[in-house]
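Throughout, protein chains are lettered first and strands after them, A, B, ... in sequence-line order, and every chain is numbered starting at 1.
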Protein chains: 2
Amino acid sequence: MLRLPPLNALRAFEAAGRHLSFKQAAAELCVTQGAISRHILNLEQYLGAALFNRSHRQVALTVEGLAYLQETRAAFLGISNATARAQSKTGDRKLRIKAPPTCAIRWLVPRLGRYHALFPEIAVQLTTSHDALDFEHDDVDVGIHYGDKVTAGWQSERLFDEVLIPVCSNKLLPRNQRCNSPREIARYVLLHSIRRPSDWRQWLDAAGLKGSRATQELTFENSTMTLQGAFDGLGIAIAQKALVAEDIASGRITVPSEIEVRNSSAYYFVFPAAREKSATVRTFYRWVAEEARATRASVDAL
Amino acid sequence: MLRLPPLNALRAFEAAGRHLSFKQAAAELCVTQGAISRHILNLEQYLGAALFNRSHRQVALTVEGLAYLQETRAAFLGISNATARAQSKTGDRKLRIKAPPTCAIRWLVPRLGRYHALFPEIAVQLTTSHDALDFEHDDVDVGIHYGDKVTAGWQSERLFDEVLIPVCSNKLLPRNQRCNSPREIARYVLLHSIRRPSDWRQWLDAAGLKGSRATQELTFENSTMTLQGAFDGLGIAIAQKALVAEDIASGRITVPSEIEVRNSSAYYFVFPAAREKSATVRTFYRWVAEEARATRASVDAL
DNA sequence: GCTACGCTTGATATTTAATCAAGTGAAGCA
DNA sequence: TGCTTCACTTGATTAAATATCAAGCGTAGC
């Protein structure tokens, strides 16, 4: 029978010792710095020995603290490796993602490289489909769901709201130049997607052009192709702001009007609540939530 | 930054894997077996891999479980050793105990050998004194307190109540032979301790001999000497049942009357609440509580 | 002298873990 | 065949451990 110290306190100590800062350790472990302070106090009381010398605005390891840290880290490293091996054997070191095509291509794929760099041991498999997610039958771990509500029994994280804006190539309209009125926009070729036939209608309605029709229209198989058409200068497409935020920011594409339409739909990262505890799912969850936060920030900055 | 599994679940797994029984692991960790079951389920979900094969009334490690257990144990062993070293350096690997003399000599000392065998790395230092405990000034870690209440700010565990019974040598009265009446007892030489002048009075009162005086009396410096006098056949002493339970059970000493006096005093194991988290104190606490439980059981069995 | 910034700490809230008790299923026995 | 027993599971609840919030503290640096 082993006698072990409080293990969560030990993990806090390991992080604090590595950073030599309670604050940074707290950030790493996603808690407040007070929590770290308490953990370490607790461990010190357990040991009956000081681990840190506290001085103004910084902490330093004591001699005992340093020795303890090194031994502790070795042990945690062993646990970490063992855990990785146990997962990779029969465990879930692969992550199957299902997402709507446009969201996948324009948002997820450009970011997945970063994810893979962070977690190279996890094999990602991405499927795109417009069909509703069904974890019972789909053989999929997590998904991106588009809509205004989420099925009960799913864990979900709202990634970004649907905000429709018109976009077009710089060839069509010089960068940063706005059309004077929505009516002017309607005189261009309007690019549609079969999948989303009402987007332009929604935008035109919101722009005060209820019932009006575009002069010329061009319809594509899907939103990706529609956007590509806009990039190529064929006309003005209606796009989801979050999915073109970077193209706008970098100037690759122009927004000819400031009118935006926000509706109740949004993209959600979802997975079955039963898989909540899976390390792979949790890791991806945290990563995707952070990426979405960054995207929302850049959308807001436009 | 290390990614670690739920560490408390891991500890439960280590114990369960070692015992190959959730029930025994639960006993070792002082929790119910349901708690172990949940911990292991949690860990399995985290890993996405089964660690145990559950079959009827027994669990067996899976291949992955066995590998994981071995690596995990190595890491825990490292932590355990590191912790022991950290404690022994500047830490509290010594335990200073203060206890009333009779309790120390007759109860604690005979058991301390067992404690030392269990925890050889802890240096025990025992002081005996009738004075009230004072952790502020005494330079003592834990103590045994005699009385009917405990100072605020102390953590305490009641060891055993004070129950006064007469005892004498087999020479004086053959084993298991009772006196017919308390009055008969009062005709023997009654052995007193200066420290506890009212013990006999209490007992005689309770025996219905209010106001009566003993024929002959002998007074000793302290209870230990008084008891020794009884062992030697000098007369009948009044003793605390818990402190002579083993002598009675083994027949070394005789109880000449069934009349017992129970008062509100008791022996308490105490220590400053602030030291609650010290590993050394906690370990001793658990040990002493268990020993007292055994003593109470043997007292009750008399 | 003032501000800023990490750590500490008391009160409180939240989350996690434990308990309790009922349920399950198979071995062992009548 | 049917009953009992025993170890594990599981849903509901309780208890304990952790985290948060916000105020406090102390000094380096302005």
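Side-chain N/O atoms of R38(A) and base N/O atoms of dG10(C) include a donor-acceptor pair closer than 3.5 Å.
The nearest heavy atom of DNA chain C to V31(B) and to A35(A) marks one nucleotide each, and the one closer to the 5' end goes with A35(A).
Nearest heavy atoms, A242(A) versus W107(A): O-CD1, 4.4 Å. Smallest separation of non-hydrogen atoms from L7(A) and F76(A): O-CZ, 4.4 Å.
Atom P of nucleotide dA17(D) and atom CG of N42(A) are separated by 10 Å, given to the nearest angstrom. Put simply, NZ on K23(B) is 11 Å from C1' on dT5(D), counting in whole angstrom units. As a whole-Å value, the separation of Q45(B) CD from dT9(D) C1' is 13 Å. Atoms CG (L29(B)) and C1' (dA17(C)) sit 13 Å apart, rounded to a whole Å. Residue L7(A) contributes atom CG, which lies 14 Å from atom C1' of dA17(D) at whole-angstrom precision. For the pair Q58(A) CD and dA28(D) P, the computed distance is 10 Å after rounding to whole Å. Atom C1' of nucleotide dA17(D) and atom CG of N8(A) are separated by 10 Å, given to the nearest angstrom. What separates NE2 of H56(A) from C1' of dC5(C) is a distance of 7 Å, to the nearest Å.
Ring centers of Y68(A) and F13(A): under 6.0 Å apart, within the cut-off. With ring centers used as reference points, F271(B) lies 6.0 Å or more from F135(B).
Across all strands, S21(A) comes closer than 4.0 Å only to sugar-phosphate atoms, never to a base (heavy-atom distances). Across all strands shown, L41(B) has heavy atoms under 4.0 Å from sugar-phosphate atoms exclusively, and none from any base.
Between T32(B) and dA18(C) there is no side-chain polar atom (N or O) within less than 4.0 angstrom of OP1 or OP2. Within the 4.0 Å cut-off from OP1 or OP2 of dA17(D), not a single side-chain nitrogen or oxygen of H39(A) is found. Listed pair S37(A) / dT8(C) meets the phosphate criterion, a side-chain N or O lying under 4.0 Å from OP1 or OP2.
With E157(B) contributing its side chain and A289(B) its backbone, the two residues share no donor-acceptor pair below 3.5 Å.
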